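What you see is a predicted model, and the numbers here were worked out from it, not measured in a lab.
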Amino acid sequence: MKPIRKAVLPVAGLGTRFLPATKAVPKEMLTVVDRPVVQHVVDEAREAGIEHFVFVTGRGKAVIEDHFDIAFELDHTLQERGKTAAYEALKKDLPKAGQTSFTRQQAPLGLGHAVWCAREIIGDEPFAVLLPDMLSRGCMQQMLASYERHGGNIIAVEEVPPEETHQYGIVSVGETYGQSFRITGMVEKPKQGTAPSNFIISGRYILQPEIFGILEHGKKGAGGEIQLTDAMIDLMETQDFFGMRYEGRTYDTGSKLGFLTANLAYALEREDLAGPLKAEIAKLLKEHG
């Protein structure tokens, strides 16, 4: 069983839900407290042991590549002004040379197409996929533990109220093994009342390289896009898929409410911000209550 060394991050999306903020700034570079969303996602993967990050980008996303590179003028200025802590923090966040790769999607043809664009860099080995809108700290570490137990393909899942299942990709639950279970089927956004469970596909995957051969056909699904879920359904005919119940909370920063909630949650965990922020929240609630 090959280890998981590489991760694909599809970052070519236009961020239309956040216009006009994302007209000139990539949605992945919007900040949760003082770190870009994409940096939080990379942090999660690095802590789990991922070594190589493959960013599938599009036009106007060059700033993401710049973010994960050395900024000579900034580094020099920080050192010259004695801001050692800030300089060391930037240095710590920086991936080592050769640990990042960038490839263009060129056209918005769906998540499945974005993953397929990384095929030459991933090669013939299993890999992770992390959707950069979703902040799920510790999720990739839990997934790798599940992968070591089961092998095959792993999908992170979370429970939602039954009345919300029509908004998501849903998995069918087979034999259960503690935190994980065998997936016996998948359906994308089922009609209300027809979902096989209330476990949603939540934005973290471990996939075998055979998925690329299926995506190669470019079969279009919902919305006229090449859907990753459709390719996984095809791959499930010959390979095992397991669901991993994520023990934690996911923040969907692609939605306005999720983005605001993530900022509050992350700020409340910081000693330098928690007290003052609670006081400000109390004032706002009093003013708008």
task = Quick one: which residue pairs count as a salt bridge (charged side-chain N to carboxylate O under 4.0 Å, His left out) with a foot in residues 132-155, not counting sequence neighbours?
result =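 Every pair satisfying salt bridge (charged side-chain N to carboxylate O under 4.0 Å, His left out) with a residue in residues 132-155: Lys27-Asp133, Arg137-Glu269.
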Hydrophobic cluster identity match, [X] and [Y], side-chain contacts under 4.5 Å:
{"X": "Leu14", "Y": "Val38", "value": "no"}
{"X": "Leu144", "Y": "Val8", "value": "no"}
{"X": "Ile122", "Y": "Leu131", "value": "yes"}
{"X": "Val115", "Y": "Leu130", "value": "no"}
{"X": "Val42", "Y": "Met134", "value": "no"}

Side-chain cluster (under 4.5 Å, hydrophobic types only) that Phe72 belongs to, other residues =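 Ile70, Leu94, listed by chain and number.
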ask   = How is the hydrophobic cluster of Ile200 composed, in terms of its other members, when Ile, Leu, Val, Met, Phe, Trp and Tyr link through side-chain heavy atoms under 4.5 Å apart, directly or indirectly?
value =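 Grouped by the 4.5 Å side-chain rule, Val160, Tyr168, Ile170, Val187 form the rest of the cluster around Ile200.
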task = Might you work through the side chain to side chain contact (heavy atoms under 4.5 Å, CB included) test for Leu90 and Asp75, ending with a clear yes or no?
result = CA-CA 8 Å; Leu90 289 178; Asp75 288 352; 4.2 Å; yes
How many angstroms lie between [atom1] in [X] and [atom2] in [Y], if you round to the nearest 0.5 Å?
{"X": "Thr57", "Y": "Gln106", "atom1": "OG1", "atom2": "CD", "result": "9.5 Å"}
{"X": "Met186", "Y": "Glu188", "atom1": "CE", "atom2": "CD", "result": "10.5 Å"}
{"X": "Ile226", "Y": "Ile214", "atom1": "CD1", "atom2": "CD1", "result": "13.0 Å"}
{"X": "Ile281", "Y": "Leu277", "atom1": "CD1", "atom2": "CG", "result": "4.0 Å"}
{"X": "Leu111", "Y": "Gln227", "atom1": "CG", "atom2": "CD", "result": "7.5 Å"}
{"X": "Tyr87", "Y": "Leu74", "atom1": "OH", "atom2": "CG", "result": "10.5 Å"}

query = Could you walk me through whether Asp34 and Thr31 pass the side chain to side chain contact (heavy atoms under 4.5 Å, CB included) check?
reply = CA-CA 6 Å; Asp34 54 5; Thr31 57; over 6 Å; no
Within the distance-only criterion (no hydrogens, no angle test), does the side chain of [X] pair as donor or acceptor with the backbone N or O of [Y] below 3.5 angstrom?
{"X": "Ser255", "Y": "Gly258", "value": "yes"}
{"X": "Asn198", "Y": "Pro161", "value": "no"}
{"X": "Thr22", "Y": "Gly15", "value": "yes"}
{"X": "Gln99", "Y": "Pro95", "value": "no"}
{"X": "Ser202", "Y": "Ala156", "value": "yes"}
{"X": "Ser197", "Y": "Val171", "value": "yes"}
{"X": "Lys61", "Y": "Val11", "value": "yes"}
{"X": "Thr194", "Y": "Pro190", "value": "no"}
{"X": "Arg119", "Y": "Asp124", "value": "no"}

Side chain to side chain contact (heavy atoms under 4.5 Å, CB included) partners of Gln179, counting only residues at least two apart =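 Side chain to side chain contact (heavy atoms under 4.5 Å, CB included) check on Gln179 returns Gln142, Met244, Arg245, Glu247.
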task = Using side chain to side chain donor-acceptor pair (under 3.5 Å) as the criterion, list what pairs up with Asp43, not counting sequence neighbours.
result =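 For Asp43, the residues satisfying side chain to side chain donor-acceptor pair (under 3.5 Å) (neighbours in sequence not counted) are Arg35, Gln39.
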inquiry  = Could you tell me if Gln208 and Asn153 have a donor-acceptor pair between their side chains, going purely by distance under 3.5 Å?
reply    = no
Worked verdict on Gln105 versus His113 for side-chain hydrogen bond (donor to acceptor under 3.5 Å, both in side chains) = CA-CA 8 Å; Gln105 186 176 9; His113 181 259; 3.2 Å; yes
Answer yes or no: is there a side-chain heavy-atom contact under 4.5 Å between [X] and [Y]?
{"X": "Thr184", "Y": "Val173", "result": "no"}
{"X": "Met236", "Y": "Ile183", "result": "yes"}
{"X": "Ile50", "Y": "Ile4", "result": "yes"}
{"X": "Leu284", "Y": "Glu287", "result": "yes"}

ask   = When you look at Glu158 and Thr250, which way does the side-chain hydrogen bond (donor to acceptor under 3.5 Å, both in side chains) test go after all the steps?
value = CA-CA 9 Å; Glu158 294 181 55; Thr250 293; 2.4 Å; yes
note = ring pair (Phe, Tyr, Trp, His ring centres under 6.0 Å) filter on Phe55, not counting sequence neighbours, yields Phe68, Phe102
key: Residues Phe241, Phe181; criterion ring pair (Phe, Tyr, Trp, His ring centres under 6.0 Å); working and verdict   = CA-CA 9 Å; Phe241 272 78; Phe181 58 85; over 10 Å; no
ask   = Are there more than 12 heavy atoms of other residues, nucleotides or ligands under 6.0 Å from atom NE2 of His166?
value =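 Correct, the count exceeds 12.
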message = If you count every heavy atom of other residues, nucleotides or ligands that lies below 6.0 Å from Lys256 atom NZ, does the total exceed 12?
response =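 Enclosed.
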key: Derivation and outcome, salt bridge (Lys or Arg N to Asp or Glu O under 4.0 Å), residues Arg5 and Glu125   = CA-CA 9 Å; Arg5 301 187 310 109; Glu125 60 181 284; 3.1 Å; yes
request  = State whether Arg204 and Glu44 are salt-bridged, where the test is any N-O pair (Lys NZ or Arg NE/NH1/NH2 against Asp/Glu carboxylate O) under 4.0 Å.
outcome  =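 Salt bridge between Arg204 and Glu44, a charged N being under 4.0 Å from a carboxylate O: yes.
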ask   = Any idea how His150 and Phe242 line up, ring-wise: parallel (<30°), tilted (30 to 60°), or perpendicular (>60°)?
value = parallel
task = Fit a plane to each ring of His40 and Tyr266, take the angle between them on a 0 to 90° scale, and name the class: parallel (under 30°), tilted (30 to 60°) or perpendicular (over 60°).
result =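 Correct class here is perpendicular.
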query = Could you walk me through whether Gln141 and Glu47 pass the side-chain hydrogen bond (donor to acceptor under 3.5 Å, both in side chains) check?
reply = CA-CA 7 Å; Gln141 204 155 30; Glu47 289 169 7; over 6 Å; no
Step-by-step side chain to side chain contact (heavy atoms under 4.5 Å, CB included) determination, Ser136 to Tyr246 = CA-CA 8 Å; Ser136 305; Tyr246 169 50; 3.8 Å; yes
inquiry  = With side chain to side chain contact (heavy atoms under 4.5 Å, CB included) as the criterion, how do Lys278 and Leu268 come out once you've worked through the C-alpha distance, each side chain's angles and the decisive distance to 0.1 Å?
reply    = CA-CA 8 Å; Lys278 288 178 182 177; Leu268 287 170; 3.7 Å; yes
